[in-house]
Amino acid sequence: NPYRSRSLTASLLLHKKLWLDEMDVEPTIPLLKYDSYAERLRDSVADVRRNTAFSYTKGAGLWYYDFNISGVDLDGYQHNMSGSQGNWDHPIIMDQIRQMRELFQRLATSRPYSSEADTLFVYDTESFYYTGSLKNSDPISNTLVDHNSLAAYRTGIVFDSIHVRDLPMVNWENYKVVVFNNTFVLNQEQRDFISDTVARDGRHLIWNYAPGWLGNDEGTGLEGVRSVTGFELELIPGKLAASIEFKDSNEETQTYALSQEFVYPVLGVIDPSAELFGTFAGSSIGAIGKKSFPDHTVGSSACQIKVPNP
C-alpha cells in the first residue's frame with residue numbers, strides 16, 4: 001500500500017507550522033538465506049525511497065518509528081522480518097535514508113517549497129461530535145477519512161489535504177478539483193464562501209454522503225444538503241444497508257456495499273438534469289451523479305466504496 005500521512009498538511013503549512021510525519025511503514029529486512037533476498041531488498045529500498053519522499057513533497061519532515069526488534073511480540077503482532085536492532089536495521093536501507101536526508105536538505109535550501117497538487121481534499125473535525133462513536137456505529141466517516149485517501153493515492157493524482165475552516169486561506173488558482181469528504185457540518189459563512197469562491201472557474205466539486213446536513217439554521221437536514229450541493233435529492237425512508245449498482249468500463253453491472261451496518265440518513269439523487277453513474281440496487285434512484293453548471297460541475301456520491309487494506 002502507498003504510505004499515507006493522516007495529517008492535514010496543507011492546513012499546517014498555511015498556518016506556518018512545521019509537521020513531522022510518523023514513518024511507520026517499516027520495510028522488510030530480508031535474510032541472506034532466502035533465494036529472494038535481492039528482490040526483497042530491492043523492494044524495501046523502493047518503499048523507503050517512496051515513503052520518505054512523500055513527506056518532503058508535502059513540505060513536512062518525518063521521524064522513523066521502530067516497532068520492535070526481530071522476534072518481539074508487540075500487542076499480539078510479531079515482526080519476524082526485522083533486523084537485530086529494529087525495523088530499519090540493514091546497512092543498505094540505512095545508507096538510503098542518509099542519502100535521501102542529504103538530498104532533501106539540499107533541495108530545501110535551494111528553492112522555496114510549493115505544492116504541485118491540483119486536487120484538494122477537504123476534511124472536518126467537528127462532524128465527529130454528531131456521528132456514532134461506538135464500534136461499527138459509523139461506517140461512513142472512517143471510509144471517507146481513511147479509505148478515500150488510500151483510493152486517491154492509488155489513482156496517482158496529486159492532492160493536498162485541508163481542514164474545512166481553512167478554505168478562505170487557499171490560493172484557488174492551484175486547484176481544479178475539490179473533494180469534500182466528511183463535511184457534514186457547514187455553517188452559513190462556509191456555505192457562502194464555497195458558493196461564491198470555490199464553485200467557479202470551471203472547477204469540479206465532489207460532495208460525499210451528506211455535506212451540510214447540519215450547521216445552517218435556515219435549512220438543516222435534507223434541505224441543507226440540497227442547498228450546498230445543488231442537487232435535487234430525496235431522503236430514503238428508514239435505515240438502509242446501502243448497496244450501489246453501476247456499469248464498469250465493459251458495460252457490465254457491478255455492485256458494492258459500504259458495510260452490512262445500517263446507515264442513516266441515505267440520500268438519493270432525483271435531479272432530472274443530473275447524469276447518473278450509479279443507482280441504489282433494485283431501484284432507479286441515483287446514488288452517484290454529476291451535474292453541470294455554467295462555471296463549474298458538481299458530483300454527488302451517497303455511499304463510498306470501502307477500499308480493502310486501509
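Note that the numbering runs from 1 along the sequence shown for the chain.
- Under the 4.5 Å side-chain heavy-atom criterion for grouping Ile, Leu, Val, Met, Phe, Trp and Tyr, L13 is not connected to L8 through any hydrophobic cluster.
- Note: N181 CG to T183 OG1 = 7.5 Å, rounded to the nearest 0.5 Å.
- Residues I93 and L32 share a single hydrophobic cluster, defined by chaining ILVMFWY side chains whose heavy atoms lie under 4.5 Å apart.
- Atom CD1 of I162 is separated from atom CG of D124 by 12.5 Å, given to the nearest 0.5 angstrom.
- In this structure, F128 and V145 have side chains that are in contact, with non-hydrogen atoms separated by less than 4.5 Å.
- Within 6.0 Å of CD in E189 there are 12 or fewer heavy atoms belonging to other residues, nucleotides or ligands.
- The shortest heavy-atom contact between A108 and Y56 is N-OH, 3.8 Å.
- The salt bridge (charged side-chain N to carboxylate O under 4.0 Å, His left out) search around K176 returns none, not counting sequence neighbours.
- Residues satisfying the salt bridge (charged side-chain N to carboxylate O under 4.0 Å, His left out) test with E275, not counting sequence neighbours, are K290.
- Here the side chain of S11 pairs a donor or acceptor atom with the backbone of H163 at under 3.5 angstrom.
- Side chains of I140 and T131 form no contact here, defined as non-hydrogen atoms less than 4.5 Å apart.
- I92 and M100 end up in the same hydrophobic cluster when Ile, Leu, Val, Met, Phe, Trp and Tyr side chains are linked at under 4.5 Å.
- Annotation for T197 and R203: closest pair O-NH1, 3.4 Å, computed over non-hydrogen atoms.
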**Item:** side-chain contact (heavy atoms from CB on, under 4.5 Å) evaluation trace for T57 with V158
**Value:** CA-CA 10 Å; T57 64; V158 181; over 6 Å; no
**Request:** Given side chain to side chain donor-acceptor pair (under 3.5 Å), test N182 with S127 step by step and report yes or no.
**Result:** CA-CA 7 Å; N182 64 327; S127 296; 4.7 Å; no
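- Residues passing the ring-ring contact (aromatic ring centres under 6.0 Å, His included) test with F293, sequence neighbours excluded: H296.
- Residues satisfying the side-chain contact (heavy atoms from CB on, under 4.5 Å) test with S114, not counting sequence neighbours, are E116.
- Checked against salt bridge (charged side-chain N to carboxylate O under 4.0 Å, His left out), D118 has no partners two or more places apart in sequence or in another chain.
- N171 contributes a side-chain N or O that, together with a main-chain N or O of E173, makes up a donor-acceptor pair within less than 3.5 Å.
- Under the rule for a side-chain contact (heavy atoms from CB on, under 4.5 Å), the partners of M169 that lie at least two apart in sequence or sit in another chain are L14, H15, D166.
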**Request:** Evaluate the side-chain contact (heavy atoms from CB on, under 4.5 Å) criterion for residues I288 and F246: first the C-alpha distance (whole Å), next the side-chain angles of each, then the deciding distance (0.1 Å), finally the verdict.
**Result:** CA-CA 9 Å; I288 305 172; F246 65 97; 5.6 Å; no
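- With hydrophobic clusters built from ILVMFWY side chains whose heavy atoms lie under 4.5 angstrom apart, V298 shares a cluster with L276.
- In this structure, the side chain of D21 does not engage the main chain of M23 through any donor-acceptor pair within 3.5 Å.
- Between the side chain of S195 and the backbone N or O of D192 there is no donor-acceptor pair closer than 3.5 Å.
- Of all heavy-atom pairs spanning R191 and G215, the tightest one is NH2-C, 4.4 Å.
- In the hydrophobic clustering of ILVMFWY residues, with side-chain heavy atoms under 4.5 Å counting as a link, L12 and Y123 come out apart.
- The salt bridge (Lys or Arg N to Asp or Glu O under 4.0 Å) analysis of residues 92-107, with sequence neighbours excluded, yields the pairs D95-R98, R98-E102.
- Of the inter-residue distances, the one linking N187 atom CG with Q190 atom CD reads 4.0 Å to the nearest 0.5 angstrom.
- Taking the centre of each ring, F184 and W213 stay at or above the 6.0 Å mark.
- Using modelled atom types and a 3.5 Å distance limit, the side chains of S115 and D160 yield a donor-acceptor pair.
- Contacts of D47 classified as salt bridge (charged side-chain N to carboxylate O under 4.0 Å, His left out), with partners at least two apart in sequence or in another chain: R50.
- Heavy-atom minimum distance, P211 versus V228: O-CG1, 3.4 Å.
- Distance CD1/I244 to OG/S301: 7.5 Å, rounded to 0.5 Å.
- Proximity of L167 to W172: side-chain heavy atoms (C-beta onward) are separated by under 4.5 Å at one or more points.
- Every residue two or more places apart in sequence or in another chain was checked for a ring-ring contact (aromatic ring centres under 6.0 Å, His included) with F231, and none qualifies.
- In this structure, the side chain of R226 engages the main chain of L233 through a donor-acceptor pair within 3.5 Å.
- Going from atom CD of E223 over to atom CG of L235 covers 12.0 Å, rounded to the nearest 0.5 Å.
- Scanning for ring-ring contact (aromatic ring centres under 6.0 Å, His included) contacts around F159 gives F121, Y153, with sequence neighbours left out.
- Not a single ring-ring contact (aromatic ring centres under 6.0 Å, His included) links Y113 to another residue, sequence neighbours left out.
- Minimum interatomic distance between G268 and F280 (heavy atoms only, all atoms of both residues): CA-CE1, 3.9 Å.
- I270 pairs by the side-chain contact (heavy atoms from CB on, under 4.5 Å) definition with E232, E234, not counting sequence neighbours.
- Without hydrogens or angle criteria, Y209 side chain to P265 main chain gives a donor-acceptor distance under 3.5 Å.
- Panel note: side chain R40, backbone Y34; no donor-acceptor pair is recorded below 3.5 Å.
- Annotation: the span from Q105 atom CD to L103 atom CG amounts to 10.0 Å, rounded to 0.5 Å.
- At least one donor-acceptor pair under 3.5 Å links the side chain of W88 to the backbone N or O of Y65.
- Considering only heavy atoms from C-beta on, D201 stays 4.5 Å or farther from D295 through its side chain.
- Side-chain contact between N208 and F180 is absent, with no heavy atoms from C-beta onward closer than 4.5 Å.
- A side-chain N or O of T52 and one of Y64 form a donor-acceptor pair less than 3.5 Å apart.
- Of all the heavy atoms in G230 and D271, the pair that sits closest is O-OD2, 3.8 Å.
- In this structure, a donor-acceptor pair under 3.5 Å is absent between the side chains of W207 and T229.
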